[in-house]
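Since the structure is predicted, the reported quantities are computational estimates derived from the model, not experimental observations. Numbers for residues simply follow the sequence, beginning at 1. Heavy atoms only: backbone and side chains are in, while hydrogens, waters and symmetry mates are out.
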Amino acid sequence: MQYSPTPPPAGMHTPMPMPSGGSSSKGPLIGVLSLLSVVVLGAGIFAVVFFANGGDDDSVTADGDPAIVERGLVYGDGPVQVDVYLDYSCGHCRDFDAANNARLATEAAAGTITIVFHPMGMLDSYSSDNYSTRAAAASACAAAEGGFVEYSTMLLTTMPEMSSSHDNATLAGFGDYSNLSEDFADCVQQETYRDWVADVTGQAMAEGVVAVPYVLIDGVQFEGQIHEFDEELDEALA
């Protein structure tokens, strides 16, 4: 099942319970982030490149070197390209990440794949304050400091209940778990990459992305069950 821009009838989706103590509670997140740190650090450090505000050639990498890419957040430089279109209001995007995060990280670190993440604001209508766009913009702020993978998974695992959202202060506060800087917090509060998210979303929808998660393996849409992704990736790598 995928999520489309128009909210489905009430009752179709099971809301993600909030952590104990509300969105500002850190305790339940520590175990999640400890696990993520093992996955991310064990798989190696990824470089990330992305267009700032959707059109500049002087995109940013985790180590500060300039790079030029078409769109999205790029990890690795392997011969097989995996594109992951996601939205932080999408429960099935959370499920895909939980099932395949470790495999993707391992393959990217091994130099077998290139991952292009496309954080979208497709499901803004699910909240009253454009949460999807704000969360995607915050993920780009994390990417600027080399912390996208961990921060993105945090956004997915702490997804608000349907029609609810985290405010910008909470999104900025999540950076504390990933040791992101005050510049990250300022970036989130100022919604620095909001226009960039709009560009990524518009381009994706123009290319035919009408529901998320939407995953391509070397340009071919993955249409199987989430647990079948490993098998299709194996075939592409063979």
Side-chain angles (χ1 to χ4, degrees), residues 1-8 12-14 16 46 48-51 54 69-76 78-105 107-108 113-127 130-140 142-143 148-149 151-157 159-160 162 193-194 196-237:
M1 182 177 181
Q2 294 177 312
Y3 283 63
S4 57
T6 303
M12 280 192 67
H13 306 297
T14 302
M16 174 71 173
F46 297 148
V48 57
V49 294
F50 60 94
F51 267 137
V69 296
E70 291 184 358
R71 63 198 186 281
L73 310 174
V74 182
Y75 286 86
V80 173
Q81 179 167 315
V82 178
D83 289 83
V84 180
Y85 296 79
L86 71 160
D87 188 296
Y88 294 110
S89 294
C90 163
H92 296 294
C93 297
R94 176 191 63 221
D95 296 342
F96 180 86
D97 182 82
N100 299 299
N101 175 287
R103 174 70 190 279
L104 289 173
E107 296 294 348
I113 67 173
T114 296
I115 314 170
V116 185
F117 290 101
H118 307 263
M120 299 175 65
M122 178 181 284
L123 303 180
D124 273 339
S125 59
Y126 277 49
S127 66
N130 298 316
Y131 176 70
S132 290
T133 288
R134 292 190 298 103
S139 76
F148 171 78
V149 173
Y151 186 81
S152 176
T153 300
M154 170 175 284
L155 290 179
L156 292 168
T157 55
M159 187 178 296
M162 194 65 67
Y193 293 103
R194 190 182 184 102
W196 176 80
V197 173
D199 289 343
V200 170
T201 303
Q203 184 169 1
M205 295 181 74
E207 293 173 353
V209 179
V210 296
V212 284
Y214 185 88
V215 180
L216 303 174
I217 302 177
D218 269 350
V220 178
Q221 184 180 358
F222 167 65
E223 298 184 277
Q225 299 296 314
I226 287 175
H227 68 272
E228 296 172 337
F229 176 77
D230 264 347
E231 181 178 344
E232 292 210 18
L233 184 58
D234 285 341
E235 292 179 2
L237 291 172

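- Under the 4.5 Å side-chain criterion, counting only non-hydrogen atoms from C-beta, Phe222 is not in contact with Leu233.
- Contact detail for Leu155 and Ser139: the closest heavy-atom pair is CD1-CB, 4.3 Å.
- Ring geometry for Phe148 against Phe117 counts as tilted: the plane angle lies between 30° and 60°, on a 0 to 90° scale.
- The main-chain N or O of Glu228 is never found under 3.5 Å from a side-chain atom of Glu231 such that the two would form a donor-acceptor pair.
- Residues Gly121 and Asp87 approach most closely at C-OD2, 3.5 Å, considering heavy atoms.
- Judged by distance alone, with hydrogens and angles left aside, the side-chain atoms of Ser132 form no donor-acceptor pair with the main-chain N or O of Tyr88 at under 3.5 Å.
- The shortest distance between side-chain heavy atoms of Val84 and Asn100 does not fall below 4.5 Å.
- Across every non-hydrogen atom of Val80 and Ala236, the tightest pair is CG2-O, 3.7 Å.
- Between Val200 and Tyr193, the closest side-chain pair of non-hydrogen atoms is not below 4.5 Å.
- Nearest heavy-atom pair across Ala204 and Met120 is CB-CE, 3.7 Å.
- Ring-plane geometry between Tyr214 and Tyr85 is classed as perpendicular, the angle between the planes exceeding 60 degrees on a 0 to 90 degree scale with a lower cut at 30.
- Two residues are said to be in side-chain contact when any heavy atoms from C-beta on lie closer than 4.5 Å; Pro213 and Leu86 fail this criterion.
- For the pair Thr201/Asp124, no side-chain contact is recorded, criterion being any heavy-atom separation below 4.5 Å from C-beta on.
- For the residue pair Leu237 and Arg103, the shortest heavy atom distance occurs at CD1-NH2, 3.6 Å.
- For an aromatic pair to be called close, the ring centres must be under 6.0 Å apart, and Tyr126 with Tyr131 fails this.
- With contacts defined as side-chain heavy-atom distances shorter than 4.5 Å, the pair Phe96/Val212 does not qualify.
- Of all the heavy atoms in Trp196 and Pro119, the pair that sits closest is CH2-CD, 4.0 Å.
- Here Met122 contributes atom CE and Thr133 contributes atom OG1; the two are 11.0 Å apart, rounded to the nearest 0.5 Å.
- Side-chain contact annotation: Asn101 with Thr153, donor-acceptor N/O pair under 3.5 Å present.
- A distance-only check finds a donor-acceptor pair linking the side chain of Asp218 to the backbone of Gln81 [under 3.5 Å].
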